[in-house]
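As a basis for the values below, the full set of heavy atoms in this structure was taken, side chains included, without hydrogen atoms, waters or symmetry mates. Remember, it's 1-based here, ligands and their atoms both numbered in the order they're listed. FYI, the numbering just counts along the sequence from 1.
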Amino acid sequence: MAGSVPTVVFVAALVSVGYLISRSLTCLKNGLPPGPRRWPLIGSVLEIPQKHQWVTFSKWSKTYGDIVYLDALGQPIIVINSAKVANDLLDRRSSIYSDRPNLAMANLCGYGNTFALQPYNDNWRQQRKLVSQEFGSSAVRHYHPFQEAEARKLVHGLVDDPTTLPRQTQLRIGTIIVRATYGHYITDENDPFLTVPLTAMENFSQATAPGVWAVDLLPMLKYLPTWMPGTVFLQTAKRWRKIVMAATWNPYLWSKKNLALGTVLLPNLCANTIEASDGKLSEEQEDRLIWAASTVLGGGLDTNESSVLTFFLAMMLNPSMQAKAREEIDRVIGSDRLPVLQDRPSLPYVRSIMIEVFRWRPAAPLGIPHALRQDDIYDGMHLPKGSLVIPNIWHMLHDPTVFPNPMEFNPDRYQGLDSEMDKITNVMFGFGRRACPGKNFAEATFFALVSTVLATCEILPVRDSEGHTVVPHVSYSSGTISFPSPFKCDVKCRSPEAYDLLAQGYSADEAT
Ligand code: HEM
């Protein structure tokens, strides 16, 4: 036994070097897409930035074009910098581009069980079916009154205290998605139904960030003993795994128990699935439901929250656009009632603002990586089997040849046309068979909030002690989900009548 640990390390090192050499030799094949310089063994790993990769990938499009090839210690990576190429490959050839890469760090943390990271197999197909059924365009209509009521509560609360913007946004977005998934109504921002999944999502964003974890590039590192220097990631993974398990199991067990007691809010994803099986889910089916539900919760939290915060930021910086949206709402809806989701078709400017938020600062700038199942040829280039395929959504939405002055927030660029707006949602919710199944639900939550704010409030910059307006510096976090850096804004209600409408607008719908 005494010699076993050094032996393991030696064998791991030997196998790693062999693995690197074989992967490097594979990459010497002709016909690979262009990309930054690759060195023997390490490939282009030194060129891959640790943060805000989408910006560097976007710059590379000028030098290398729409498809950039990277080699990270032998792991082939294809970055797609064009919506057309993404459609050609991820949509049209989805039978071979719908796998997920084996993200070693995410797997160590337990995220590999979530259906967003499941390989393209039958388990994934069953989970996807469950979620698509529950969150399809007609099924989600049932949740509209609830989404409207929560949007009104959020705005009401912000008028009372605008400094609570991040906390209240988290609370309301969380309340909506937890209600639809498990039938539980959150009344308190310290509710573990909210706090535990939020922590799990914060960790997910880090655990899945491309190029950050050495173990993703050299999966054998996971076998290293934890006493070895450089293995802090193993302890991190152990800690994060406990959180993933708690975020997944506790809400489900609560939901199942309370469904039997008749104390859950209906409908919800778990109840509908359990009831559809007459309460006779097999162990395998139940396991699928548990992980599908926790993925839905995770998928619907940070993404929507990031978009809501970006909306407040964009509105504060663009008062004339707020005025134009108010004018549209006053003209179409009047001031006697608040907008509802059914008003969407008649409010093209409000819709354009919402879509421009999605384009200007996409919540998931690199989406979730796909994986290529077999060798492919595109435009004369060889795309190797096993490649990690990263759609650079941020670049696709900031390509100056498609969106002139892309950094400018400009809802008029769509001229109120759905056909133009669809170009954004077709990209920002991802591609092919892995495209976001929560799109309809997410858009409804976001429209409810955006239209309610614009109908009732003015978003203003705060003032310093000398009365000067404080304009925040716009910057965003790195990671799979990108958030605006903390900023302050003021939320002023337009009139006492608007304030009353907000308060009346949710009392009748409380927790339904
Ligand atoms: C603004 C809000 C949202 C954005 C920007 C967003 C974006 C995305 C993106 C880019 C992907 C990866 C697609 C791909 O692999 O090509 C994805 C996947 C996913 N999203 Fe969303 N999403 C949002 C809201 C939601 C909501 C509300 C839910 C749940 C109701 C949800 C559930 C999921 C799930 C389960 C997946 C994994 C799908 C799979 O792997 O098959 N998302 N989302």
Side-chain angles (χ1 to χ4, degrees), residues 54 80 83 86-87 89-91 94 97-101 103 111-121 123-137 139-140 143 147 169 173-174 176-182 197 201 204-205 208 268-269 288 291-311 354-355 357-359 361-371 388-394 396-397 424-450 480-483:
W54 51 91
I80 301 181
N87 294 146
L89 298 181
L90 306 182
D91 290 337
S94 60
Y97 280 89
S98 295
D99 224 340
R100 291 287 191 214
L103 299 175
Y111 294 108
N113 295 315
T114 63
F115 108 79
L117 295 188
Q118 282 287 299
Y120 182 54
N121 59 17
N123 193 35
W124 167 80
R125 230 168 260 119
Q126 300 291 337
Q127 289 184 311
R128 176 104 195 169
K129 203 165 141 202
L130 266 185
V131 175
S132 306
Q133 246 161 253
E134 289 302 318
F135 293 93
S137 56
V140 291
Y143 298 111
Q147 288 165 307
T169 302
I173 297 294
I176 292 171
I177 192 72
V178 167
R179 155 73 187 82
T181 311
Y182 298 106
M201 273 315 288
F204 174 85
S205 192
T208 53
N268 68 67
L269 169 68
R288 271 188 202 129
W291 286 101
S294 86
T295 314
V296 162
L297 174 55
L301 273 178
D302 285 7
T303 45
N304 259 139
E305 189 194 329
S306 161
S307 300
V308 170
L309 295 176
T310 295
F311 162 71
M354 167 175 133
I355 296 293
V357 167
F358 287 157
R359 187 202 66 82
R361 299 289 172 169
L366 296 176
I368 304 177
H370 291 224
L388 199 137
V389 184
I390 302 179
N392 188 358
I393 291 176
W394 190 90
M396 295 175 205
L397 299 177
I424 308 305
T425 50
N426 287 344
V427 167
M428 57 124 359
F429 285 106
F431 301 93
R433 298 181 195 180
R434 300 304 290 232
C436 178
K439 174 177 181 281
N440 294 307
F441 192 81
E443 286 190 283
T445 298
F446 195 41
F447 180 87
L449 191 269
V450 165
T480 299
I481 311 294
S482 177
F483 284 92

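Which of F115, F441, Y97 comes nearest to atom 35 (C) of ligand 1 through a heavy atom is settled by distance: it is F115. Looking at G299, G432, P437 and measuring to atom 36 (C) of ligand 1, the nearest heavy atom belongs to P437. The closest non-hydrogen atom to atom 24 (C) of ligand 1, taken over L297, D302, I481, T303, comes from T303. The nearest non-hydrogen atom to atom 42 (N) of ligand 1, considering only G438, C436, G367, comes from C436. Atom 6 (C) of ligand 1 has its nearest heavy-atom neighbour, among F135, Y143, W124, F429, in F429.
Using a 4.0 Å cut-off between heavy atoms, S307 contacts ligand 1 through its side chain alone, with no backbone atom that close. No part of L117 comes within 4.0 Å of ligand 1, judged by heavy-atom distances. When heavy-atom distances to ligand 1 are checked against a 4.0 Å cut-off, Q118 has no atom that comes that close, whether in backbone or side chain. The proximity of K439 to ligand 1, defined as any non-hydrogen pair under 4.0 Å, does not occur for either the backbone or the side chain.
Counting protein heavy atoms only, atom 38 (C) of ligand 1 is closest to R128 NH1, 3.4 Å. Summary of contacts: the protein heavy atom closest to atom 13 (C) of ligand 1 is R434 O, 3.2 Å.
F441 and Y143 have perpendicular rings, their planes meeting at more than 60° on a 0 to 90° scale where under 30° would count as parallel.
Between the side chains of Q147 and T445, at least one donor-acceptor pair of N or O atoms lies under 3.5 Å.
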